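So that the names make sense, note that chain A is the first sequence line, chain B the second, and so on, each numbered from 1. Worth saying up front: this structure is predicted, and the values here are computed from it rather than measured. FYI, side chains are in, hydrogens and waters are out, and symmetry mates aren't considered; it's all heavy atoms of this structure.
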Amino acid sequence: MSKIFKGTKPSRRSFLRGALAGGGALAGGAAWADADPAIVEKQPWNQYLGDGVDARPYGVPSKFEEHVRRQDVPWLTADPISSVNFTPLHELDGIITPNGLCFERHHAGIAEVDPAQHRLMINGLVDRPLVFTMQDLMRFPRENHVYFLECAANSGMEWAGAQLNGCQFTHGMIHNVMYTGVPLRLLLAEAGVKTEGKWIMVEGADASGMNRSIPMEKALDDCMIAFKMNGEALRPEQGYPVRLVVPGWEGNMWVKWIRRIEVGDKPWHAREETSKYTDLLPDGQARRFTWEMDAKSVITNPSPQAPITHGPGHTVLTGVAWSGRGTIPRVDVTLDGGINWQPARMSGPSFDKSMHRFYFDFDWDGKPLLLQSRAHDSTGYVQPTKDQLRAIRGENSIYHNNGIQTWAVNEQGVAENVEIS
Amino acid sequence: MSRFLRVSVIAAIGFGQGAVAQDTLGLGRDALPEEVAAWDIDVRPDGLGLPVGSGDVYTGEEVFVAKCASCHGDFGEAVGRWPVLAGGQGSLQNRDPVKTIGSYWPYLSTVYDYVNRAMPFGESQSLEPDEIYAITAYLLYLNDMVDEDFTLDNENFTEIEMPNAGNFFMDDRAEVEMPIFSAEACMANCKDSVEITMHASVLDVTPQTQDDDAAPAAEPTPVEEAVATVDPALIAAGESVFRQCKACHQVGDGATNRTGPQLNDLVGRTIGGIDGFRYSRGFADAAEAGDVWNDENLAAFLANPRDAMPGTKMSFRGLGDAEDIAAVLAYISQFSE
């Protein structure tokens, strides 16, 4: 193996962070021998002036957070232009993914679309084929919704067993964003869907011309044409100036840079719903149109990229959970590899088809841990183990791996991606 | 559409939220027929959207080798991790199934639709219908589905049945999995013991962390004074032209060989001289002869790669415009010592 692929060990930075945090290992009443220089010595920022309000017209994170970034896995794809990078879930909290950290998946690179030259066309089985400018779209009644977008291939590298060391890589093809946009049903009503119109095909303006078929029932239910994410314009890599939002369904359908919607009586069987995004089963048959994302969760801290650096004592375990079929009223956590489970504490807003945040605060005795989380969604579905999934789907279905993730934590607090019996 | 119908459509889609019937908002404008024609390129399994045209296997091979083979291989066997397009029949139940057009794809229309909209990579929507029919015919030939004298056209297109078409079925997770995965969850004493059965660290395929990356920080390539005299507008234009190249070639800081060799220090470099890159015969011969790239032979190569270097694997038709050639050379020349 070349050095690019070397295993992730706790980074120098995380050790440094542990050292800086200082007192953790001494908790429980141990006294400091010497006064803390962070207190008794002056820091530059205590004395000197900082930048003025004209220095950072578009703010960026602190220089101490520069390690928080999307990252790709070079061996996964032939080329970085048609590829994917991953959200650093282990560095985030709450439920909203910051715009600059939302994972990217492009099939022909980032299209830099001029909004003044962008058009959205509706054609096919409609009474009036229509063209909208961005200005036209902004004149429709708007709605705001928080939804997760998960790539169907998220965790796809883990079907045959534990492979990547870090929740960024095992679970980072997901983001959770508040979208502002127009319900798709309003646009379709404007064109007038003919009674035989049962499907739509959505198509992007980029050089891949990404296209997918969506049943009319979903199109009229909760799909949106969105132009804002977390309050600001979509980022180019997320489809600026306008993308489709297909709540709860696999990310590939959320066509970016959307330029056309065709209404038809049958699905199109485009490349991304035949060659790709179909789930091959052990008997050689394949499921098609596996749109919904099953309930899933992952512990983001501790995890391989975010080891426990403070030693034994009070420990915050946290993670995220989501379901394409509703909300997540409950997540269970185990510290012993699934022998005993305890309910985690949910915190933050619980929106339909949105990411949820859970915490489990415990007193770590410094002994090895086998950590897992198990999501329950509002339909009563319980996140299965990987072996339960494999019993039905084998190891070659690539997509929709929502199995329970295990992190093994050793006495030093170092976490690793493992599979357990 | 009559007002009555429009109102009823809106009412029907109100989803029980006490939707109030309303008229349309009068936003947008009618799409002109020629506008719809310009964008409505999709093709469906029933033949909807197929343009008039035809292409045979022989022509398809020529087009494929010229425009597709640099990534997909002359016979659809693929280069590197680019998609394999042929073979794999009977492998779908194997440990490592080979999912190709012949072994997996359920509909031939998908080939036409995808090639038309997204290929060649980096030069989408540049193929004529006859070329796409020919490529599609060649792909059928590579998958042993037609003979070498076969011609595909819009008339016989829908008669082609794909061997794996019957092996797809509608998502049945709701029936097959939901009942199993909706059982009461065990909370205590759920198993007797637990063993670790697999460690990710054994595979050792996790990318470096950012911290580790930071060490060999790449210095920006200094722009030589000689280059500084080149018109910045020309370099900018060249950067734009280079977009057609960068699917296969990298240039600049940290450039590595991809489908094509990296292009740093190109002018003055031995032709075919990058160690470890698999050149075609003509380049290997040039390297042996010690030939060196200069502005002149680069311009000739870029104008018509296959004429300038017969047998080159570079599937690029060439830059027709001398200004584009000058611009892209100015752009590439920035990345020279």
Side-chain angles (χ1 to χ4, degrees), chain A residues 1 5 7-8 11-13 67 69 73 78 81 121 123 127-132 136 139 161-166 185 189-190 192-193 201 207-209 220 260 268-269 271 274-275 280 284-290 337-341 370 380-382 384 396 408 416-421, chain B residues 1 6 9-10 13 24-25 27-31 35-36 39-40 42 44-45 80-82 92-93 97 104-107 110 113-114 117-118 124 167-171 176-178 181-182 185 187-191 194-201 203-211 247 258:
Chain A
M1 281 286 170
F5 305 145
T8 296
S11 63
R12 291 188 304 279
R13 186 183 301 275
H67 58 288
R69 47 204 294 176
V73 176
I81 291 172
M121 178 186 290
N123 71 308
D127 297 310
R128 270 183 73 191
L130 291 176
V131 171
F132 301 103
D136 295 331
R139 292 173 64 196
Q163 180 157 206
L164 289 160
N165 249 333
R185 61 176 170 268
E190 203 70 15
V193 174
M201 187 215 66
S208 78
L220 297 179
R260 193 165 69 94
W268 275 258
H269 296 287
R271 188 248 197 180
T274 53
S275 167
L280 181 61
Q285 303 234 322
R287 283 180 178 147
R288 65 159 54 112
F289 297 142
T290 48
I339 297 174
N340 294 296
W341 295 82
L370 288 173
Y381 178 102
V382 183
N396 285 327
E416 192 200 344
N417 179 9
V418 299
E419 296 238 351
I420 58 171
S421 59
Chain B
M1 181 191 234
R6 284 191 132 179
V9 167
I10 292 184
I13 62 185
T24 57
L25 299 173
L27 296 172
R29 62 162 177 85
D30 288 343
E35 292 174 329
V36 173
W39 276 9
D40 188 359
D42 51 88
R44 260 186 358 193
R81 291 188 63 85
W82 297 104
L92 296 183
Q93 297 181 53
Y104 193 66
W105 293 34
Y107 303 108
T110 310
D113 182 75
Y114 184 69
R117 71 175 56 247
S124 304
N167 285 325
F168 289 81
F169 64 97
M170 189 68 192
D171 183 9
V176 172
E177 296 185 2
M178 288 282 278
F181 298 157
S182 298
M187 293 299 283
N189 303 312
C190 302
K191 44 190 172 184
V194 177
E195 301 290 330
I196 293 178
T197 55
M198 188 175 185
H199 294 261
S201 58
L203 265 178
D204 201 18
V205 291
T206 306
Q208 289 177 304
T209 66
Q210 203 53 49
D211 290 349
R258 311 291 300 193

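Of all the listed residues (Leu164(A), Leu370(A), Ile81(A)), the one sharing the greatest number of non-hydrogen pairs under 4.5 Å with chain B is Leu164(A). The candidate from Ala408(A), Gly166(A), Gly338(A) with the greatest count of non-hydrogen atom pairs under 4.5 Å with chain B is Gly338(A). Looking only at heavy-atom pairs under 4.5 Å with chain B, the residue among Thr274(A), Asn123(A), Asp136(A) that has the most is Thr274(A). Between chain B and the options Met121(A), Met201(A), Arg139(A), heavy-atom pairs under 4.5 Å are most frequent for Met121(A). Ranked by heavy-atom pairs shorter than 4.5 Å toward chain A, the options Tyr114(B), Phe181(B), Trp82(B) are led by Phe181(B).
At a 4.5 Å heavy-atom cutoff, the contact between Ile339(A) and chain B is made by backbone and side-chain atoms alike. Using a 4.5 Å cut-off between heavy atoms, Gln163(A) contacts chain B through both its backbone and its side chain. Residue Ala207(A) touches chain B through both its backbone and its side chain, counting heavy-atom pairs closer than 4.5 Å. Heavy atoms closer than 4.5 Å to chain A are found in the side chain of Asp113(B), but not in its backbone.
Aromatic ring centres of Tyr104(B) and Phe168(B) lie closer together than 6.0 Å.
The CD atom of Glu35(B) sits 11.0 Å away from the CG atom of Leu130(A) when rounded to the nearest 0.5 Å.
Residue Thr206(B) forms a side chain to side chain contact (heavy atoms under 4.5 Å, CB included) with just one option from Asn417(A), Val73(A), Asn165(A), and that option is Asn165(A).
In this structure, the side chain of Glu190(A) does not engage the main chain of Gly28(B) through any donor-acceptor pair within 3.5 Å. For the pair Ser275(A) (side chain) and Arg271(A) (backbone), a donor-acceptor distance under 3.5 Å is absent.
In this structure, Arg29(B) places its CZ atom where more than 12 heavy-atom neighbours from other residues, nucleotides or ligands lie under 6.0 Å away.
Contact check on Arg117(B) versus Asp42(B) returns no salt bridge, with no Lys/Arg side-chain nitrogen under 4.0 Å from an Asp/Glu carboxylate oxygen.
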